[in-house]
2 protein chains.
Amino acid sequence: MQNRIADLLKKNQLSITDSRKKILELFQNAGGALAHSDIEKMSGEHFDRVTIYRTLQTFVEKGIIHTIPTVDNSVLYALCKDECSAGHHHDNHVHFICDDCGTTYCLDHVLIPKVELPLGFTEKQTDLVVSGTCKNCN
Amino acid sequence: MQNRIADLLKKNQLSITDSRKKILELFQNAGGALAHSDIEKMSGEHFDRVTIYRTLQTFVEKGIIHTIPTVDNSVLYALCKDECSAGHHHDNHVHFICDDCGTTYCLDHVLIPKVELPLGFTEKQTDLVVSGTCKNCN
DNA sequence: TTTGTTTTGCAACTATGTTGCAAACGATTA
DNA sequence: TAATCGTTTGCAACATAGTTGCAAAACAAA
Ligand SMILES: [Mn+2]
Ligand SMILES: [Mn+2]
Ligand SMILES: [Zn+2]
Ligand SMILES: [Zn+2]
């Protein structure tokens with residue numbers, strides 16, 4: 001569906017450009033999470049590095065994608081669910097990174113449990129990343 | 001206790017050098033977690049960047065310090081508890097990052113809850129990072 | 001103190017991310 | 001369809017983070 005992509009951009013008041021369309025397409029086909037370098041390679045070296053950085057930034061701000069913290073200190077991005085919008089993410093789900101194949105999954109149905117913090121500490125955001133072996137590699 | 005530091009190095013079969021002593025000392029005084037750049041500044045620009053990288057790497061391998069994943073994609077290090085040893089970390093505790101003062105805490109007494117993964121996924125390691133406001137900033 | 005091993009500092013390099021600016025592009029309106 | 005105007009892009013230049021090879025220095029053991 002090419003129109004899905006255009007509609008998503010319009011809905012977020014973003015002009016429809018080649019790089020935005022292509023990068024969104026990559027996310028929809030990938031299923032899992034992508035790193036900046038993945039996109040650089042998969043886009044066929046068409047777009048400037050800077051453009052990709054700026055596009056990802058824009059998408060994060062608009063709530064189209066979200067970042068995933070990883071243990072090895074690399075930045076990953078994945079599509080947000082429809083309920084997300086600018087400044088109002090609903091990313092309270094667990095992320096899973098497979099040590100074998102490297103795929104990162106958004107486990108949308110596995111919610112992050114509440115943790116009891118010591119007195120005086122107040123929570124604003126919680127990130128939970130599990131690593132191990134995924135269903136394909138087991 | 002200067003001897004504590006030397007003993008810790010000996011116990012891990014590491015030769016006792018100025019940089020290792022100084023960096024361990026910084027961790028013991030800091031209480032919280034430190035970034036590579038913190039150490040670079042706090043050590044009085046004495047040691048080469050490369051030496052600091054290699055020292056931190058060595059300490060992680062020996063189980064003297066552990067890394068903390070952060071949402072903003074920076075690497076933090078903190079002292080391990082005594083039970084940790086090379087290849088056998090007991091870092092199943094929650095980490096807390098204060099949005100106000102930037103301090104990162106190891107909440108050694110707050111354990112990471114088990115999460116139910118979908119069928120086929122097996123856990124090996126779980127990291128949980130909470131951000132918000134710490135006891136000093138509240 | 002001598003010896004052999006480990007660690008350090010330096011230089012050079014790769015990777016990752018940011019900024020300013022002019023040219024190209026996209027949306028809108030005539 | 002063409003003109004206009006704001007947005008987006010690519011480029012160059014820069015900044016920061018991290019890695020590697022190698023010779024000199026420091027350390028541990030004898
Ligand atoms: Mn996700
Ligand atoms: Mn910790
Ligand atoms: Zn896998
Ligand atoms: Zn604080």
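These numbers were taken from a predicted model, which means no experiment stands behind them. Letters A, B, ... are given to chains in the order of the sequence lines, protein chains preceding strands, and every chain is numbered from 1.
For A/R54 and C/dT19, the CZ to P distance is 10 Å, given to the nearest whole Å. Taking atom CG of B/L56 as the reference point, atom P of C/dT8 lies 11 Å away to the nearest angstrom. Taking atom CD1 of A/I52 as the reference point, atom C1' of C/dT16 lies 13 Å away to the nearest angstrom. A/Y53 places its OH atom 5 Å from the C1' atom of C/dG17, with the value rounded to the nearest Å. Here C/dA11 presents its P atom at 9 Å from CG of B/D48, a figure rounded to the nearest Å. Atom C1' of nucleotide C/dC25 and atom NZ of A/K22 are separated by 19 Å, given to the nearest angstrom. One can place CZ of A/F47 at 14 Å from C1' of C/dA24, the figure rounded to the nearest angstrom. Remark: C1' of C/dA15 and CG of A/D38 are 15 Å apart, rounded to the nearest angstrom.
OP1 and OP2 of C/dG26 both lie 4.0 Å or more from every side-chain N or O belonging to A/T17.
Where DNA chain D meets chain B (any atom under 4.0 Å from a heavy atom), the bounding nucleotides read 5' to 3' are D/dA17 to D/dA28.
Taking five base pairs at each end of the helix from C/dT1-D/dA30 to C/dA30-D/dT1 and finding the rotation axis that steps the C1' atoms of four pairs onto the next four gives two axes whose angle is 30°, to the nearest 10°.
Among the protein residues, A/R49 comes within range of the nucleic acid bases, having at least one heavy atom under 4.0 Å from a base atom.
Residues A/V75 and A/Y53 do not share a hydrophobic cluster, clusters being chains of Ile/Leu/Val/Met/Phe/Trp/Tyr side chains in contact below 4.5 Å. At a threshold of 4.5 Å between side-chain heavy atoms, the hydrophobic network of Ile, Leu, Val, Met, Phe, Trp and Tyr places A/F59 and A/L76 in two separate groups. When the side chains of ILVMFWY residues are joined at heavy-atom separations under 4.5 Å, either directly or via intervening members, A/L14 and A/L26 end up in a single hydrophobic cluster. Side-chain heavy atoms closer than 4.5 Å link hydrophobic residues (I, L, V, M, F, W, Y) into clusters, and following such links, even through other members, never connects A/F27 to A/I68.
Of the residues near DNA chain D, B/S37 and B/D18, the one whose nearest nucleotide (by heavy atom distance) lies more toward the 5' end is B/S37. Projected onto DNA chain D by closest heavy-atom contact, B/Q57 and A/T51 fall at different nucleotides, the more 5' of which corresponds to A/T51. Mapping B/S19 and B/V50 onto DNA chain C by nearest heavy atom places B/S19 closer to the 5' end of the strand.
Ring pair A/F121/B/Y105 is perpendicular by interplanar angle, where above 60° counts as perpendicular and below 30° as parallel.
Between A/F47 and A/D18, some side-chain heavy-atom pair lies under the 4.5 Å cut-off.
Among residue pairs with one or both ends in residues 129-138 of chain B, none qualify as salt bridge (Lys or Arg N to Asp or Glu O under 4.0 Å); sequence neighbours excluded.
When each of A/N29, A/T55, A/L79 is checked for a side-chain contact (heavy atoms from CB on, under 4.5 Å) with A/L24, only A/L79 meets the rule.
More than 12 heavy atoms of other residues, nucleotides or ligands lie within 6.0 Å of CD in B/E123, so this atom counts as buried by the packing criterion.
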